[in-house]
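We count ligands from 1, going down the list as the structure has it; atoms in each ligand are counted the same way.
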Amino acid sequence: MTSGGDAPGMNANVRAMVRAAIYKGCKPFAIYEGYEGLVKGGSDYIKELSWNDVRGWLSEGGTNIGTARSKEFRTKEGRLKAAKNLIDAGINALIVCGGDGSLTGADLFRSEWPELLSTLLKSNQITQSQHQSFKYLNICGTVGSIDNDMSSTDATIGAYSSLARICQAIDYIDATANSHSRAFVIEVMGRHCGWLALMAGIATTADYILIPEKPASSKEWHEQMTEIVAKHRKRGKRTTIVLVAEGAITSDLKPITCTEVKDILVEKLGLDTRITTLGHVQRGGTAVAYDRILATLQGFEAIEAVLQCTPDTPSPMIAIEENKIIRRPLVNAVKLTKSVAEAINNKDFKKAMQLRDSEFVEHLHNFMAMNSADHNNPSLPLEKRLNIAIINVGAPAGGMNSATYSMATYCMSRGHKPFGIYNGFTGLTRHESIKPLNWLEIINWNNAGGSELGTNRTVPEESDIGLIAYYFTKYKIDGLIIVGGFEAYTSLHQLERNRVNYPAFRIPIILIPATISNNVPGTEHSLGTDTCLNSLVEYCDTIKQSASASRNRVFVIEVQGGNSGYIATSAALACGAQISYVPEEGISLDQLEMDINSLKQIFINSEGKSKSGKLILKSANASKVLTTNVLASIINSESSHRFEAKTAIPGHVQQGGMPSPIDRTRAARLAVRAVQFIETKTEILLPFKNCDSFNLLSDDDIHKIVNTAAVLGIKRSKLKFTNIRHLYDFETNVKKRMPKDIHWSYIRDIADQLEGRITIKH
Ligand SMILES: Nc1ncnc2c1ncn2[C@@H]1O[C@H](COP(=O)(O)OP(=O)(O)OP(=O)(O)O)[C@@H](O)[C@H]1O
Ligand SMILES: O=P(O)(O)OC[C@H]1O[C@](O)(CO)[C@@H](O)[C@@H]1O
Ligand SMILES: [Mg+2]
């Protein structure tokens, strides 16, 4: 069942549940129109779904099984009817995909279940044996809501799609605001939660945000907003963007309206100001790659969860913590969520903020530091201020510029001097391309694609490492942030090993992984993969439409990613590709034969009647022999004229245009952490700066400094620093340019199961 406001990704969630249920031998039913349908019951509202019923749902927005806000379910009588309808349909397990309200309802339903059942028994609405067999309500929640207001999970299904829509709209507005030098007050959704406004604020570098979690008195926020906006204008900014969450309130719980914000900007600053309310555009459209994957993995996990639940296990809610799908007790999640609302109502805003997850608090702190800080009055004392440089190395990846913007503005708020090294290490050695980053020059970088600094694949030892050291000394560089993929990783390794010869490298050096291949050891996610996945998903949706229209077509799509099959696998999951081939597995003739036979079967069964266009995603490096064209030719000659195969190569489109909001906000978080890393590690290295016997250091000293050159990665549920020595020596397959551990292989099995693909196990 889907319930509450619709959210992009709900269809993907239902699709995954239906297919996983069938795969496990269960019978999936859909309850149409949310709790309304559950209360009404009967075959109009409770219907069995088949494998093919959910074909194509991955790419469809909204929810195809309908949703509602049901008054009746809020009453005991309504819930009694709902219980009876569930039992009549013979349903043993109910999975609800909805927001905080829907899951509160689900939790209440579960807690009342014994009482509802005995009322039904007493009034002879169910039999004794029904009472016995439906004694426990096996319930599970998956969180689908654009608001991202449920506690105990980092992301709700739909929130990032909505964020993408909001950011796209603000990027558009920015252009017109810039032309007229105007201010815009933009209202975004979020009845009780400021997540959308906060994340959009970071992703679009808004000047000011108003959110329910951090209210101030009218006087305070009027003053703060005018002061910040005035400062930005004085420094030469032509646009002003203020984001107002729908639920924004003052500290005396008075709603803040966009008109009030506009009036202040006009009266106090004389700005030509317009209001834009984004409205339901924010909930519309197809889900972004992240939501499709999240919804699919959570749908799959929900089926596992209900199958594993016993009467003693608490009802689970499927959550995600950073990168890991986990189960959390539904009852606790609901309780925590309610306590945020209670804290706000009691004006205990400190508590409300504490109850939001730590990432929310971190993002808010970063937003204030980057966009609102007084760069003329930085927070650190003079002696602690550093010169910090940033460089891009390798191929461009979405989020590289956002990292530069965030690093630079955060540095400014602290009092550090940010330097940009232009055109990689060769730029530095050939043209001395290094200069301080200027705020006005970089204010539009955050949402720009490519690399504004310029990037190339040359590593220090191929360039002139001595000259690099010379310039580091000349510009008194105290810390370096490298942003890039495997070449950036190699660069970090080389600089660290060259600390022996060059004291200039005895500074904290940190790598922010950024590559669409996602092959940097020490992280599960690199900047750029999300942007890449979104452009691939868009591309594949279009091709799939064409394949489906002609009823009998298979497209072999060649995907980038070096020796890593991460992008191919994730895109296959997000687009519903029938098959994916990756370098980690190669393409065996036996597997190919099985795949072609199953394609034949699919097209025989569909008899040209259904929209069964198929996609095969093939990593460019999956096989040296079976190239994309050869693969398509083999499939064609084996297809017995039942279907035909075509090829499509998206190429560098995969590097994406504008970075996605996920890459922008991730970049901001990583860049701020990178600067903080340099701040905390600087002192450790000071005693070694001029030490002549660096090659003879004691184990103790090595132990002290080894962590000052590291990769900043996302591992499991946390951001993690891992020193490059350890990573390079123990966790890297240098020849293949890959980490030794492939953390995402379980996704391949899920993708295959949801397509009914049988694979030869490796
Ligand atoms: N306390 C409750 N008791 C019983 N049912 C509830 C309760 N809260 C919500 N529900 C049911 O869940 C439905 C959806 O709740 P709500 O309108 O709050 O949306 P939501 O699930 O929070 O999603 P979103 O906020 O994203 O739109 C309600 O219409 C109602 O039927
Ligand atoms: O579509 P409706 O029922 O007007 O609800 C709008 C509300 O739903 C949400 O989109 C999701 O809860 C809120 O952000 C918004 O306030
Ligand atoms: Mg809600």
Quiz item: Would one find an N or O of K71, backbone or side chain, under 3.5 Å from an N or O of ligand 1?
Solution: no
Practice problem: Decide whether an N or O pair under 3.5 Å exists between S102 and ligand 1. | Solution: yes
Quiz item: With only distance considered, is G5 within less than 3.5 Å of ligand 1 through an N or O on each side?
Solution: yes
Quiz item: Judging by distance only, is a nitrogen or oxygen of D100 under 3.5 angstrom from one on ligand 1?
Solution: yes
Quiz prompt | Pairing of K338 and E342 as salt bridge, 4.0 angstrom limit | solution = no
Quiz item: Does an N or O from R79, backbone or side chain, lie closer than 3.5 Å to an N or O of ligand 1?
Solution: no
Self-check item: P316 to R327 - nearest heavy-atom pair and separation
Solution: CB-CB, 4.2 Å
Exercise. Out of V188, D100, D147, T67, indicate the one that has the non-hydrogen atom closest to atom 12 (O) of ligand 2.
Key: D147
Quiz prompt | SB check D88 K84 (cutoff 4.0 Å) | solution = yes
Exercise. Using distance alone, determine whether G101 and ligand 1 share an N or O pair under 3.5 Å.
Key: yes
Self-check item: atom 3 (N) of ligand 1: nearest protein contact (heavy atom, Å)
Solution: L108 CD2, 3.5 Å
Self-check item: T119 (side chain) donor-acceptor with E115 (main chain) under 3.5 angstrom
Solution: yes
